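Keep in mind that what you see is a predicted model, and the values were worked out from it rather than measured.
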Amino acid sequence: MSGPSDDPLGFAPDYDSPVPYMQRTRDYYAAIGYTTPYRWAHYVDAPFQPLKKPLAQSRVTIVTTAAQYDPTKGDQGPGAAYNGSAKFYQVYDGDTSKDHDLRISHIGYDRKHTTATDSGTWFPLPQLLKAKAAGRIGEVAPRFFGAPTNRSHRVTIDVDAPDILARCLADKVDAAVIVPNCPVCHQTSALVARHLEANGIATVVMGCAKDIVEYAAVPRFLFSDFPLGNSAGKPHDLESQALTLELALRLLESAPGARTTMQSPLRWSEDASWKLDYNNISQMSPEELARRRAEFDKQKEIARGNRAA
């Protein structure tokens, strides 16, 4: 299935539009036996905090849903299967002056169309440091922050977002670049962005799940129409990663008000049929759905044990 249109008017194929992750997720979990539909966070307005000083004088941090690598927690390498053991349940932080090994095996990124071989696609610290060196931003904050991917809206809103806010305030952060990966990561990131913004810190979410982020109503959203796991740019493509961060920084500066979305002009590939695959039950056999149900139940038990530990 090719990307270019054969329509006489030059229309793109119908499937070449943002992936409907909320509906795909509802349909997928119903198909594997979880019939109570998940309620996605939904707001119709959003707080908005303009930058308090020029970006070239601002201190900027990163909030990520990637996990710190722990060799005791199984395979977390490129192409690893979903690994519930690698999930984390409390906010963490890291020193931005050091190198970090952050991975995404614990979440549902698009394993068919991205290999997770380049952390620059989900953790833009190297690009943010380059922006500081170029004078584009004033400072990189001393710490970045890890946000747990939590299906519980209440835990994110009442526990994790206030924790991240407190750490940002302690570091005198002016702005936060928030980078999700999986569908629920995008919801978590949206809720964190709303909380930071309501408390005086400007934010921009860089993401790939347009429907989820806009449904939750964030102040600023840079949408990259890429497979999940590539919110900060294409893998092994530094120009793509640099442009993606630059677009996010421009949005921080120029958004006229809340709920401003900018779409990156970059395309993943000329063939947009990758959008048909993620959690699409119409392309799965009954045997595949049964296998996925068994694996999901197994991973739930692993995660339950880790949370209790």
Side-chain angles (χ1 to χ4, degrees), residues 18-19 21-22 40-51 55 58 60-66 91 102 104 107 109 121-125 127-128 131 137 141 144-150 153 156-157 160-161 164-165 168 173-233 241 243-264 266:
V19 177
Y21 288 107
M22 290 192 297
W40 294 94
H42 182 42
Y43 298 94
V44 296
D45 55 16
F48 185 76
Q49 173 61 59
L51 286 171
L55 194 58
S58 296
V60 183
T61 192
I62 293 170
V63 179
T64 178
T65 58
V91 173
L102 302 187
I104 55 174
I107 47 183
Y109 70 92
T121 67
W122 63 79
F123 185 53
L125 180 58
Q127 292 299 332
L128 196 65
I137 64 171
F144 71 88
F145 307 107
T149 296
N150 203 316
H153 315 102
T156 300
I157 292 169
D160 297 333
I164 292 170
L165 172 65
C168 286
V173 166
D174 297 305
V177 175
I178 305 177
V179 190
N181 294 286
C182 69
V184 176
C185 296
H186 282 75
Q187 175 177 261
T188 295
S189 296
L191 294 175
V192 169
R194 292 175 57 86
H195 189 75
L196 294 182
E197 204 93 14
N199 288 278
I201 296 174
T203 67
V204 58
V205 175
M206 301 166 63
C208 301
K210 188 172 190 281
D211 58 336
I212 296 170
V213 175
E214 291 189 335
Y215 198 66
V218 299
R220 303 169 191 80
F221 176 43
L222 174 66
F223 171 53
S224 294
D225 199 3
F226 295 164
L228 295 174
N230 299 281
S231 291
Q241 294 169 21
L243 176 60
T244 302
L245 179 64
E246 172 58 26
L247 293 175
L249 297 179
R250 289 181 196 175
L251 191 53
L252 271 171
E253 294 175 309
S254 64
R259 305 202 69 176
T260 298
T261 294
M262 175 191 292
Q263 179 161 343
S264 169
L266 300 176

Rounded to the nearest 0.5 Å, what separates atom CD1 in I62 from atom CZ in F145?
11.0 Å
Yes or no on side chain to side chain donor-acceptor pair (under 3.5 Å) for N181 and T65, after CA distance, side-chain angles and deciding distance?
CA-CA 7 Å; N181 294 286; T65 58; 3.0 Å; yes
Just how far is it from atom CD of Q241 to atom CZ of F123, taken to the nearest 0.5 Å?
12.5 Å
Going by the rule salt bridge (charged side-chain N to carboxylate O under 4.0 Å, His left out), which residues pair with R259 if we only count those two or more places apart in sequence or in a different chain?
none
Chi angles and distances behind the side chain to side chain contact (heavy atoms under 4.5 Å, CB included) call for F221, K210:
CA-CA 9 Å; F221 176 43; K210 188 172 190 281; 4.0 Å; yes
Minimum side-chain heavy-atom gap N230-S224 below 4.5 Å:
no
The test is side chain to side chain contact (heavy atoms under 4.5 Å, CB included); show your working for Y21 and L228 and say whether it passes.
CA-CA 10 Å; Y21 288 107; L228 295 174; 3.5 Å; yes
From M206 CE over to H186 NE2, what is the distance, rounded to the nearest 0.5 angstrom?
10.5 Å
Check whether any side-chain heavy atom of E253 sits under 4.5 Å from a side-chain heavy atom of L51, and report yes or no.
yes
Tightest non-hydrogen contact, residues C208 and P227, listed as SG-O, 3.9 Å
Check: V60 main-chain N/O paired with S58 side-chain donor or acceptor under 3.5 Å
no
Is there side-chain contact between I137 and L249, with at least one heavy-atom pair below 4.5 Å?
yes
Note, L102 side chain near F144 side chain (heavy atom, < 4.5 Å):
yes
Check whether any side-chain heavy atom of T244 sits under 4.5 Å from a side-chain heavy atom of P124, and report yes or no.
no
Closest heavy-atom contact between A147 and T188?
CB-CG2, 4.2 Å
From CG (L222) to CG (L245), nearest 0.5 Å
9.5 Å
Look up atom CD in E197 and atom CG in N199, then write down how far apart they are to the nearest 0.5 Å.
10.0 Å
L252 and A175 have their tightest heavy-atom pair at CD1-CB, 4.1 Å
If every non-hydrogen atom of S189 is compared with every non-hydrogen atom of I178, which pair is closest and at what distance?
CB-CG2, 3.4 Å
Which atom names give the shortest non-hydrogen contact between A46 and A217, and what distance separates them?
CB-O, 3.3 Å
Checking the side chain of T203 only, and the main-chain atoms of A176 only, is there a donor and an acceptor separated by less than 3.5 Å?
no
Side chains of V213 and F223 in contact at under 4.5 Å (non-hydrogen atoms)
no
Give, for atom OG1 of T156 and atom CD of Q187, the distance between the pair rounded to the nearest 0.5 Å.
7.0 Å
Which heavy atom in D225 sits nearest to a heavy atom in P18, and how many Å separate them?
OD1-CA, 4.3 Å
Does some side-chain heavy atom of D160 sit less than 4.5 Å from a side-chain heavy atom of V192?
no
Residues two or more places apart in sequence or in another chain: which of them pass salt bridge (charged side-chain N to carboxylate O under 4.0 Å, His left out) with D211?
none
Taking side chain as C-beta onward, heavy atoms only, is W40 less than 4.5 Å from V184?
yes
